[in-house]
Amino acid sequence: KSLFEQSAILEAIPQSPVLQFDHFGKLHSHLADVEEQAQNLFSRLVKEYAEKEGVTEQLKFIDQTAWVCRMNNIRSRSEERRVGKGVDLG
C-alpha cells in the first residue's frame, strides 16, 4: 500500500487525540524513511543488474525493443528482490 493508504488506515484506528497525533507523526516519519530506503534499493538493484548484464544506452540505440524487454525483466527481478527483503510498499 502507498504511504497515503497506510496513513488513512492508521487514522481510522480509534485512539485518544494526543496519542493519535504523537504516533501518527512518528509513524509517518518512519514510513517515509522506509519508502525512501525501498526506492533506493530498487534503483540500486536495477542499475547493478543492467551493468552486470550489459544493458546499455548503446543497446537501447541499436535495438530498442531488446533493451525494453531486458529492462522490464531487470525491473521485475529488482522488485521481487526488494519485496523479498521485506520492503513492500504495495
Side-chain angles (χ1 to χ4, degrees):
K1 296 184 172 116
S2 71
L3 182 59
F4 178 76
E5 291 169 321
Q6 292 172 6
S7 296
I9 291 168
L10 290 171
E11 288 177 349
I13 299 170
Q15 294 180 350
S16 74
V18 174
L19 286 176
Q20 187 177 21
F21 178 77
D22 185 49
H23 289 174
F24 179 75
K26 289 178 183 177
L27 183 60
H28 185 273
S29 175
H30 174 71
L31 291 174
D33 290 344
V34 169
E35 184 170 2
E36 182 179 353
Q37 290 172 13
Q39 291 301 326
N40 290 340
L41 174 61
F42 177 78
S43 296
R44 191 181 82 238
L45 289 171
V46 168
K47 184 178 179 180
E48 287 175 7
Y49 284 144
E51 288 175 359
K52 184 177 180 180
E53 298 172 23
V55 182
T56 63
E57 290 297 313
Q58 183 179 6
L59 175 62
K60 184 178 178 181
F61 180 75
I62 294 169
D63 189 348
Q64 193 173 35
T65 301
W67 182 87
V68 168
C69 288
R70 291 173 73 181
M71 286 303 293
N72 284 343
N73 181 274
I74 287 170
R75 286 187 182 102
S76 292
R77 286 184 286 138
S78 297
E79 179 67 14
E80 288 173 10
R81 195 152 160 221
R82 180 187 65 89
V83 171
K85 291 203 180 277
V87 186
D88 183 11
L89 301 178

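Residue numbers start at 1 and run along the sequence shown.
- Within the 4.5 Å cutoff, the side chain of F42 has no heavy atoms near those of the R81 side chain.
- Going from atom CG of L45 over to atom CG of L41 covers 4.5 Å, rounded to the nearest 0.5 Å.
- A salt bridge between E53 and R77 is present, with a side-chain N of the basic residue lying under 4.0 Å from a carboxylate O of the acidic one.
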Going through the distances and angles, do V46 and M71 end up as a side-chain contact (heavy atoms from CB on, under 4.5 Å)? CA-CA 8 Å; V46 168; M71 286 303 293; 3.8 Å; yes
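- Applying the side-chain contact (heavy atoms from CB on, under 4.5 Å) test between R70 and each of L59, D63, T65 identifies L59 as the sole match.
- One distance of note links CD1 of I74 with CD of E51; it measures 10.0 Å at 0.5 Å rounding.
- In summary, E48 and R44 engage in a salt bridge, as defined by a charged side-chain N under 4.0 Å from a carboxylate O.
- Atom CZ of R75 and atom CG of N73 lie 11.0 Å apart (nearest 0.5 Å).
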